[in-house]
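Step one of this worksheet: look at the structure below.
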2 protein chains.
Amino acid sequence: MSFPPFHMTASNMNTDNLSHHLAGTGLRSTPQREIVYSVLTSKRDHPTADELFARVKQQMPNISLATVYNCLETLVQCNLVRQVNVERGAMRYCPNLHPHAHFFNETTGETIDVEIPAEVLAQVSSVLPKHFKAKSVEILFRGVVDNQNTPTSL
Amino acid sequence: MSFPPFHMTASNMNTDNLSHHLAGTGLRSTPQREIVYSVLTSKRDHPTADELFARVKQQMPNISLATVYNCLETLVQCNLVRQVNVERGAMRYCPNLHPHAHFFNETTGETIDVEIPAEVLAQVSSVLPKHFKAKSVEILFRGVVDNQNTPTSL
DNA sequence: TTTCTACATTAGAATAGTTCTAATTATTAG
DNA sequence: CTAATAATTAGAACTATTCTAATGTAGAAA
Ligand SMILES: [Mn+2]
Ligand SMILES: [Mn+2]
Ligand SMILES: [Zn+2]
Ligand SMILES: [Zn+2]
């Protein structure tokens, strides 16, 4: 199963989004980078490098784990992917570039995106003393999902 | 240098706070646990297990790193200490039990506490869909401190 | 088109941080 | 005091990631 991109804006148009962003920073668009990016954005979850490696190998069987790490590092530098740190253990990667929070489901181990209104985000950022210049804010919930009659996802 | 406890309430009174909390969960108060807790709460920072190990050894030279890890795990389970995950790499430990956010200073690598008004926290929690039951919320800023004429800390 | 150069990929070694194991020691209960 | 239980310890094992050094690739210069 495949998903459409999260949102269509001038700066997020899946195809050639990558080479575009890479070009901007003097980095090359390579088959490995394209596939890692495409596989990551094709599913709305937060895989580890290892999990992504397994998915990517289906399309490019000779890619190495080191390359997956290298590609992810590149994508993070280009701001095409976010790192999310929900647990000790493996880093997770998020392809959703919209401002959002994460909810870590302690029962299943899954991390899902939670929309967060710009006004709430502004409220949060306003708590910082004037001379603290935040470049990013991460909001992480931990808890459980009360399954009375739950639609599979939001 | 030593600091007073962050705040005095019925459930946070430094001395015997520990044995009190431990008793509640059927755990023993031991010299190692007492010292790890006391050393951690005596400084307002967010040390790694290794850093804390170094500090604790000054008072108890034969304590082992494994024990520091064990004690920290116990303290986290008792809700006397919070884990904070600001970077890939070593876990950090926070002795401040008040609801607060963290600011990771990318220049210095230091993580400091930022007070966060209850109303803002409530705002943040309100963004969750009804069937998501959050047990905790973590807010982490990353950025730099604009040092025009900065007092050493807040 | 060949050559030069810089960049990217790769396998495997090395590293860092943490957890596990098995032996010893300490505390509590009977 | 003895037995049972829990905690500590040193070191081995483990996991995730980064590093190293060799090889591959692709565009730019000639
Ligand atoms: Mn993590
Ligand atoms: Mn971390
Ligand atoms: Zn996400
Ligand atoms: Zn803190």
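Side-chain atoms are counted along with the backbone in the values below, which use heavy atoms only and exclude waters and symmetry mates. In what follows, chains are A, B, ... by sequence order, proteins preceding strands, each numbered from 1. Since we're looking at a predicted model, the values are computed, not measured.
- Salt-bridge annotation for A/E138 and A/R82: absent, with no side-chain N of the basic residue lying under 4.0 Å from a carboxylate O of the acidic one.
- Taking atom CD of B/E87 as the reference point, atom P of D/dT17 lies 14 Å away to the nearest angstrom.
- Nearest-nucleotide positions on DNA chain D for B/P31 and A/T48 put B/P31 closer to the 5' end.
- Relative to the ring axis of B/F53, B/K57 places its NZ or CZ within 45° and under 6.0 Å from the centre.
- Annotation: proximity of residues 60-70 of chain B to DNA chain D (heavy atom, distance under 4.0 Å) is found for B/N62, B/I63, B/S64, B/A66, B/T67, B/N70, numbered in ascending order.
- In this structure, B/E73 places its CD atom 15 Å from P of D/dA6, rounding to the nearest Å.
- Look at A/E87 and A/R92 and you find no salt bridge, because none of the NZ, NE, NH1 or NH2 atoms lies under 4.0 Å from a carboxylate O.
- Between the CG atom of B/L52 and the P atom of C/dT18 there is a distance of 12 Å, given to the nearest Å.
- Between B/E34 atom CD and D/dA7 atom C1' there is a gap of 14 Å when expressed in whole angstrom units.
- Contact annotation: B/T30 does not reach the phosphate of C/dT27 (side-chain N/O to OP1 or OP2, under 4.0 Å).
- In this model, the phosphate group of D/dG27 is not approached by any side-chain N or O of A/R28 to a distance below 4.0 Å at OP1 or OP2.
- From B/I139, atom CD1 reaches atom OG of A/S125 across 9.5 Å, with rounding to the nearest 0.5 Å.
- With no hydrogens or angles considered, a side-chain donor-acceptor pair links A/E34 and A/S29 at under 3.5 Å.
- A salt bridge between A/R55 and A/D50 is absent, with no side-chain N of the basic residue lying under 4.0 Å from a carboxylate O of the acidic one.
- Distances shorter than 4.0 Å separate some side-chain N or O of A/Q32 from OP1 or OP2 on C/dT10.
- Comparing A/L27 and B/Y93 by the nucleotide of DNA chain C that holds the closest heavy atom to each, the one mapping nearer the 5' end is A/L27.
- Between the P atom of C/dT15 and the CG atom of B/D50 lies a distance of 16 Å, rounded to the nearest Å.
- Ring-plane geometry between B/H46 and B/H102 is classed as perpendicular, the angle between the planes exceeding 60 degrees on a 0 to 90 degree scale with a lower cut at 30.
- Between the CZ atom of B/F53 and the P atom of C/dG17 there is a distance of 14 Å, rounded to whole Å.
- In this entry the distance linking CE of B/M91 with C1' of C/dT19 reads 13 Å, nearest Å.
- If you take CG of B/L22 and C1' of C/dT28, they are 15 Å apart, rounded to a whole angstrom.
- Within the 4.0 Å cut-off from OP1 or OP2 of D/dA7, at least one side-chain nitrogen or oxygen of B/R33 is found.
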